[in-house]
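Everything below concerns the one structure shown next.
No hydrogens, no waters, no symmetry mates; every other heavy atom, side chains included, goes into these values. We count ligands from 1, going down the list as the structure has it; atoms in each ligand are counted the same way.
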Amino acid sequence: MPPKSATASLRDLPKVDTVLAHPEVAGLITAYGRALVTAEVRAELDLCRARIREGNGADATVAALVVSTRRRLERLHTPNQCRVINATGVILHTSLGRAPLAPSVMAAAARQSAQYSLLELDRETGKRSDRDKLVNDLICRVTGAEAATVVNNNAAATMIILNTLADGRDVVCSRAHMVEIGGSYRMPDVMRKAGCRLVEIGTTNKTRAADYEQAVGEHTAMLLKIHTSNYAIVGFTEMASLEELVEIGRRRKVPVVYDLGAGSLVDLKPYGITREPSVPELIKQGADLVCFSGDKLFGGPQAGIIVGRKDLVAAVKKNALFRMMRCDKVTLSLLEHTLRLYLDPARAIEEVPTLELIARSAAECARAARAICARLKKRGIAAETRESRSQIGGGSTPGDDLPTTVVVIKNLGGTPDAAAKRLRMGTPSVFCRIEDDCLVFDPRTVLQGQIIELVSAVSAQRQ
Ligand SMILES: *Cc1c(COP(=O)(O)O)cnc(C)c1O
């Protein structure tokens with residue numbers, strides 16, 4: 001039995017209808033719907049009741065209930081995947097969504113996906129067709145490959161290639177290529193799940209063409225090369241080239257597969273990225289299949305793009321796993337429109353956000369940093385600029401970082417960790433780096449048009 005005073009307080013609790021009749025609640029009902037508002041008022045009243053029973057006081061006036069109900073409704077309608085200004089300088093930040101998508105691409109895909117669209121129907125014959133057709137010709141055109149298909153991500157692409165070509169057979173792969181991408185994606189485990197037997201060759205630092213040659217036997221289904229995207233082996237090293245593998249593969253009639261991961265379609269060497277072979281380059285060198293991510297250097301949606309020999313791509317598509325990995329219409333639409341930007345590589349550099357960020361010169365970054373600094377100073381926040389490096393991230397190109405100029409704030413109030421947390425919790429959420437107890441903002445990853453918003457978000461968190 002609750003104490004007497006509590007019983008009295010319980011009796012004083014307003015009725016649901018009384019709260020709903022409050023003039024301010026009319027606006028909430030218009031915005032959120034009567035059923036939801038009623039449910040949240042009830043939940044709030046239940047909470048008050050529980051508090052009173054426990055002997056804790058509760059502000060259960062109608063006005064207080066309206067305020068707390070509004071807060072509940074706002075929380076329910078706040079997007080969980082909220083918008084972030086990425087000032088970390090990591091261009092492909094997997095936890096922040098990897099590649100930002102081009103606004104024109106998003107708009108086109110939204111238009112198509114909100115309505116019925118020609119996903120897999122041939123208009124001429126009225127018969128069912130293949131959804132891959134939406135993107136295949138474009139992928140082949142921009143990569144130079146004979147055939148192409150797409151699945152949900154590059155991990156799926158690797159899995160289905162292994163399972164299609166090498167189920168119950170041997171896959172020859174260098175010890176230096178036994179990558180872990182993160183979490184449970186570890187190459188030897190993936191091979192086991194795909195039903196393949198891994199034949200590890202060479203050593204961690206050296207794998208020669210002769211090692212591949214010697215490993216080929218009657219059970220060999222594939223020579224697999226994996227791009228060591230998130231680490232580099234340096235020093236006393238040697239690695240058989242793709243051309244050498246292709247030569248062995250052709251002679252011994254074994255397909256050569258390259259899991260490229262990052263997968264740029266354009267040559268990024270002019271921008272200082274030297275360790276990322278481009279997809280067209282690998283196709284030209286004779287790889288039988290290449291797979292890469294849609295949301296890494298390609299700068300599109302999450303997808304796994306598979307390109308190469310027609311017969312092998314056809315075999316992949318016949319695998320029963322294919323249905324479990326196929327892309328939806330939104331992804332295919334985003335891919336199609338991103339691919340179209342690549343028809344003109346100069347346009348891709350300008351309009352694919354990932355490439356635009358990579359191509360920003362050191363001078364442009366410095367100019368942006370000075371602009372941010374000046375605006376912060378106007379708001380009374382002491383900041384200075386310093387030369388630094390931006391990273392590609394997303395498990396790509398270790399060692400290939402880009403020159404930038406960062407904005408350094410020594411003190412935004414409280415500890416640097418506390419200030420960084422306030423920035424993350426703000427709207428929009430801001431992510432920066434902490435170095436030497438300072439907050440560091442890299443303008444390279446701040447998208448076009450976000451500078452003023454960044455400055456407001458930072459000054460809003462000053463204490
Ligand atoms: C990133 C990566 C993958 C996984 O690609 P997702 O698109 O994230 O599934 C596989 N292999 C390599 C070499 C990678 O770099």
Return the option from Thr228, Asn154, Val179 holding the heavy atom at the smallest distance from atom 5 (O) of ligand 1.
->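 Among Thr228, Asn154, Val179, the closest heavy atom to atom 5 (O) of ligand 1 belongs to Asn154.
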
For Asp311, which residues count as a salt bridge (charged side-chain N to carboxylate O under 4.0 Å, His left out) partner, sequence neighbours excluded?
->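 Partners of Asp311 under the salt bridge (charged side-chain N to carboxylate O under 4.0 Å, His left out) test: Arg309.
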
Does any N or O atom in Asp259 lie less than 3.5 angstrom from one in ligand 1, N or O only?
->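 Looking only at distances, the answer is yes, because the N/O contact criterion of under 3.5 Å is met.
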
Which atoms of ligand 1 have any heavy atom of [X] under 4.0 Å away?
X      : result
His227 : 13 (C)
Arg98  : 6 (P), 7 (O), 8 (O)
Ala155 : 4 (C), 5 (O), 6 (P), 9 (O)
Ser293 : 5 (O), 6 (P), 7 (O)

Salt-bridged, Glu364 to Arg444, with N to O below 4.0 Å?
->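 No, Glu364 and Arg444 are not salt-bridged.
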
What part of Gln302, side chain, backbone, both or neither, has a heavy atom within less than 4.0 angstrom of ligand 1?
->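 None of Gln302 does.
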
Between Thr237 and Asn205: side-chain donor-acceptor atoms closer than 3.5 Å =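 Result is no, nothing qualifies.
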
Would you kindly say whether Arg433 and Ser388 are connected by a side-chain donor-acceptor distance under 3.5 Å?
->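 Yes, Ser388 and Arg433 have a side-chain donor paired with an acceptor closer than 3.5 Å.
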
CZ of Arg128: more than 12 outside heavy atoms within 6.0 angstrom?
->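 No, the 6.0 Å shell around CZ holds no more than 12 heavy atoms from other groups.
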
Not counting sequence neighbours, list each pair that qualifies as a salt bridge (Lys or Arg N to Asp or Glu O under 4.0 Å) and has a residue in residues 147-173.
->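 The answer is Asp170-Arg197.
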
